[in-house]
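Just so it is clear, the structure is predicted and the values come from calculations on it, not from any experiment. In each ligand, atom 1 is the first atom listed, and ligand 1 is the first ligand listed.
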Amino acid sequence: MLDLLALRAPGSLPALPPAPLGFGRVLGPFALVADHDPERGFHGARIVRREEATTVASAASVQYALSVFEGLKALRGPSGALHLWRPEPHARRFAKSSERLTMPVLPEAAFLDACRAIVKAHEGWVPAHGKGSLYLRPTLYATEEFLGVRPSRTHQLAIVVSAVDAFYSSPLRLWAETEHVRAAPGGLGDAKTGANYAASLHAAERAKKRGFDQVLWLDAHDHDRLAEAGTMNVFVVIDGAVRTPELDGTILPGVTRDACLALLRARGVKCEEAPISLREVHEAAKRGALTEAFGTGTAAIVAPIAAIGSAAGVIELRAPGEVATTLRAGLEAIQQGVADDPFGWRVPV
Ligand code: PMP
């Protein structure tokens, strides 16, 4: 379909800016783009200057938020060779998000080759082993200029990248949000769409004004069951059992969440995917049974949670806890290529 691996960058790569890189701030100069229409499917793949991957105000992506994306990492192993971290589940989630918004599905093999091509174009921007990663942001957006509400006939795929530091998230203080919801049953919660993030920002800003870092999202019906921790999946440890909400359609199926569960279960740790009530969390905290809480996601890997605030009071937690610390170390060792990879999570570029 697309000879992606033959693509070349339109110019030479400038030097990677010096650390600290932060997250999402130092953008790579190139973007891989391809177009889609019903007649030709995905076609015209090319690597362009990042500023050329753009769309216009009358496009359906701007008007109706027809836009989905992924976030995944490329890293440098100890020998200097490059690998992608779990690109297949990211490709599958990209496909599911696209289908949910009536957008075309990029086949998994093309997703992987497109990721490889844009990493190769930025080879010198993948930080040294152990020093960070190249974060890839594959994005699909509707490009048809039409103001009626219906699926777009044309789309563009664009992959932009950002060089990011390896960082340890400082312990997060979360505010349990009871007015706004991130997702409702039947909504977009399990798809990675731009609209989800648009819906989240007002409450996130309010949480910051209250002196918290992020929102603890709750369910849309009772505002009591834990959903997600900002832009991460949420885990708690109660009575020694690791627990995270089940994937009920309102939760983004995190690739890091899945890796954490696989790693914990391989080590014989009991993990439960089931509803967690905020009331139960308060009760467990009172009797000393809530030993830790943490979030998981591509950017921070594992982020310890230091506090959960709500109208019922603020639960203070020891952060990082033992589970978060060992999980982060275990995952990072596989990710960086210094531990065995029994699950086949590293994919050569
Ligand atoms: N939930 C939300 C809402 C997110 O934005 C993310 C980040 N993609 C996650 C969970 C974690 O997903 P992943 O581990 O695949 O990065």
Side-chain angles (χ1 to χ4, degrees), residues 23-24 65 67-75 84-98 100 111 115 133-140 159-160 162 164 166-167 169 172 174 177 180-184 187-204 207 213-220 225-236 244-264 271 273 276 293-305 324 327-328 330-332 334-335 343 345 347:
F23 182 86
S67 175
V68 300
F69 66 95
E70 268 307 318
L72 71 160
K73 282 175 172 174
L75 300 102
L84 292 162
W85 178 249
R86 306 200 68 192
E88 304 94 334
H90 284 285
R92 291 193 288 269
R93 192 169 66 187
F94 195 55
K96 285 190 76 175
S97 302
S98 305
R100 179 65 179 82
F111 181 98
C115 288
S133 58
L134 191 70
Y135 177 80
L136 278 63
R137 179 53 72 86
T139 311
L140 182 70
I159 308 183
V160 296
S162 173
V164 304
F167 74 100
S169 163
L172 297 174
L174 303 181
E177 169 66 35
H180 290 183
V181 292
R182 195 193 81 89
L188 298 176
D190 62 354
K192 203 162 167 63
T193 73
N196 284 341
Y197 298 83
S200 75
L201 292 178
H202 194 280
D213 303 307
Q214 279 283 1
V215 167
L216 176 62
W217 295 108
L218 302 173
D219 73 281
R225 274 160 289 142
L226 272 55
E228 306 209 41
T231 58
M232 286 181 288
N233 293 113
V234 65
F235 285 71
V236 295
T244 190
E246 81 282 18
L247 300 177
D248 65 353
T250 68
I251 309 265
L252 190 77
V255 177
T256 320
R257 173 190 183 277
D258 177 80
C260 288
L261 290 172
L263 212 57
L264 288 166
C271 300
E273 296 173 71
I276 305 163
F294 54 90
T296 65
T298 295
I301 311 179
V302 176
I305 295 171
L327 245 189
R328 158 105 199 200
L331 266 183
E332 206 173 39
I334 306 176
Q335 198 170 78
F343 302 100
W345 287 339
V347 174

(request) Just do the side-chain contact (heavy atoms from CB on, under 4.5 Å) check on Phe235 and Leu261 with the steps written out, would you? (result) CA-CA 10 Å; Phe235 285 71; Leu261 290 172; 3.9 Å; yes
(message) Between Glu273 and Arg257, is the salt bridge (charged side-chain N to carboxylate O under 4.0 Å, His left out) condition met? List the steps.
(response) CA-CA 11 Å; Glu273 296 173 71; Arg257 173 190 183 277; 2.8 Å; yes
(message) Could you walk me through whether Leu172 and Met232 satisfy the side-chain contact (heavy atoms from CB on, under 4.5 Å) test, starting with their C-alpha distance in whole Å, then the side-chain angles of each, then the deciding distance to 0.1 Å, before giving a yes or no?
(response) CA-CA 11 Å; Leu172 297 174; Met232 286 181 288; 3.4 Å; yes
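The shortest N/O to N/O separation between Arg182 and ligand 1 does not fall below 3.5 Å. Inclusion of Val255 in the set of residues having an N or O under 3.5 Å from an N or O of ligand 1 is warranted. The shortest N or O to N or O distance between Arg257 and ligand 1 is not below 3.5 Å. The shortest N or O to N or O distance between His90 and ligand 1 is not below 3.5 Å. Some N or O of Thr298 is nearer than 3.5 Å to an N or O of ligand 1, by distance alone.
Note on ligand 1: Glu70 sits outside its first shell, no heavy atom being nearer than 4.0 Å.
Interface of Gly254 with ligand 1, defined as ligand atoms under 4.0 Å from a residue heavy atom, comprises 12 (O), 13 (P), 14 (O), 15 (O). Near Thr296, meaning under 4.0 Å from one of its heavy atoms, ligand 1 places the atoms 11 (C). Ligand 1 places these atoms under 4.0 Å from at least one heavy atom of Lys192: 5 (O), 7 (C), 8 (N). Shown in contact with Tyr197 at under 4.0 Å from a heavy atom are these atoms of ligand 1, numbered in order with element: 3 (C), 4 (C), 5 (O). Under a 4.0 Å criterion applied to the non-hydrogen atoms of Gly297, ligand 1 contributes the atoms 11 (C), 14 (O), 16 (O).
The closest donor-acceptor contact from the side chain of Thr256 to the backbone of Thr298 lies under 3.5 Å. Between the side chain of Asn196 and the backbone N or O of Ala183 there is no donor-acceptor pair closer than 3.5 Å. When atom types are taken as modelled, the side chain of Asn233 and the backbone of Leu252 share a donor-acceptor pair closer than 3.5 angstrom. Looking at Lys73, its side chain does come within 3.5 Å of a backbone N or O of Ala299 through a donor-acceptor pair.
By the criterion of a heavy-atom distance under 4.0 Å, neither the backbone nor the side chain of Ile251 is placed next to ligand 1.
Of the protein's heavy atoms, Glu228 OE1, 3.3 Å lies nearest to atom 2 (C) of ligand 1.
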